[in-house]
Enquirer: 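Here you go, one structure.
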Amino acid sequence: MSSLGSMNTTLKNNRALLLNSRKRKPFSSALGGYSREYTYRRYVHPEIFPHVLRRIRLKMKRQNRRLFRLKLCVASFVLGIAFYLLYQLHF
């Protein structure tokens with residue numbers, strides 16, 4: 001029976017909100033509202049020279065190579081340990 005009472009209370013509160021909606025500005029104080037004007041400023045990309053782009057590209061390639069080598073070393077180390085353990089368990 002309590003669910004019916006809470007449902008009636010909710011309906012009564014919603015009716016009261018609908019009746020009072022003409023007296024107040026909707027969503028004016030809740031979470032900033034929607035009446036504010038937002039100014040959109042376009043981002044201007046700075047000019048970049050080709051030699052700077054080339055240096056960035058080379059640096060990225062160097063970092064990727066280093067990371068690949070590290071991953072390869074870690075993977076081979078883990079696989080080596082796994083094969084060693086499998087070999088020890090098998091014999």
Side-chain angles (χ1 to χ4, degrees):
M1 283 307 250
S2 66
S3 64
L4 291 177
S6 64
M7 186 172 60
N8 285 334
T9 305
T10 303
L11 288 174
K12 186 180 85 170
N13 289 337
N14 286 342
R15 272 193 212 105
L17 285 175
L18 284 175
L19 291 175
N20 293 332
S21 66
R22 293 182 192 101
K23 296 178 186 175
R24 61 184 171 84
K25 207 172 170 185
F27 302 116
S28 61
S29 64
L31 300 175
Y34 57 83
S35 62
R36 277 190 286 161
E37 297 277 333
Y38 291 106
T39 57
Y40 176 74
R41 292 189 333 177
R42 188 182 176 110
Y43 180 73
V44 179
H45 293 283
E47 289 293 322
I48 190 162
F49 296 107
H51 69 279
V52 176
L53 282 175
R54 184 173 183 273
R55 282 184 16 209
I56 292 172
R57 193 177 307 118
L58 290 174
K59 184 177 179 181
M60 291 298 295
K61 283 184 181 180
R62 201 175 319 123
Q63 287 176 350
N64 286 340
R65 262 186 267 138
R66 187 176 298 152
L67 187 63
F68 177 73
R69 285 184 198 139
L70 179 68
K71 286 180 183 178
L72 193 65
C73 289
V74 169
S76 62
F77 181 74
V78 169
L79 283 175
I81 289 175
F83 284 139
Y84 176 75
L85 290 176
L86 283 174
Y87 180 75
Q88 290 295 326
L89 287 175
H90 193 58
F91 291 111

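Remember, it's a predicted structure, so these values are computed and weren't measured experimentally. Index from 1, following the sequence.
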Enquirer: Can you check side chain to side chain contact (heavy atoms under 4.5 Å, CB included) on Ile56 and Lys59, steps first, answer last?
Expert: CA-CA 5 Å; Ile56 292 172; Lys59 184 177 179 181; 5.7 Å; no
Enquirer: Mind checking whether Ile81 and Leu89 sit in one hydrophobic cluster, side chains of I, L, V, M, F, W, Y counted as touching below 4.5 Å?
Expert: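 Hydrophobic grouping puts Ile81 apart from Leu89.
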Enquirer: Consider only side-chain heavy atoms of I, L, V, M, F, W and Y, link residues closer than 4.5 Å, and tell whether Phe49 and Leu53 are in one cluster.
Expert: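 Yes.
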Enquirer: Do Ile48 and Met60 sit in one hydrophobic cluster, given that two such residues count as connected whenever their side-chain heavy atoms are within less than 4.5 Å of each other, even indirectly?
Expert: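 Per the 4.5 Å side-chain linkage, Ile48 and Met60 are co-clustered.
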Enquirer: Pick one: which of Gln63, Arg69, Lys71 meets side-chain contact (heavy atoms from CB on, under 4.5 Å) with Leu67?
Expert: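 The side-chain contact (heavy atoms from CB on, under 4.5 Å) with Leu67 is passed solely by Lys71 among Gln63, Arg69, Lys71.
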Enquirer: Check whether any side-chain heavy atom of Asn64 sits under 4.5 Å from a side-chain heavy atom of Lys61, and report yes or no.
Expert: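 Result no, sub-4.5 Å side-chain heavy-atom pair not found.
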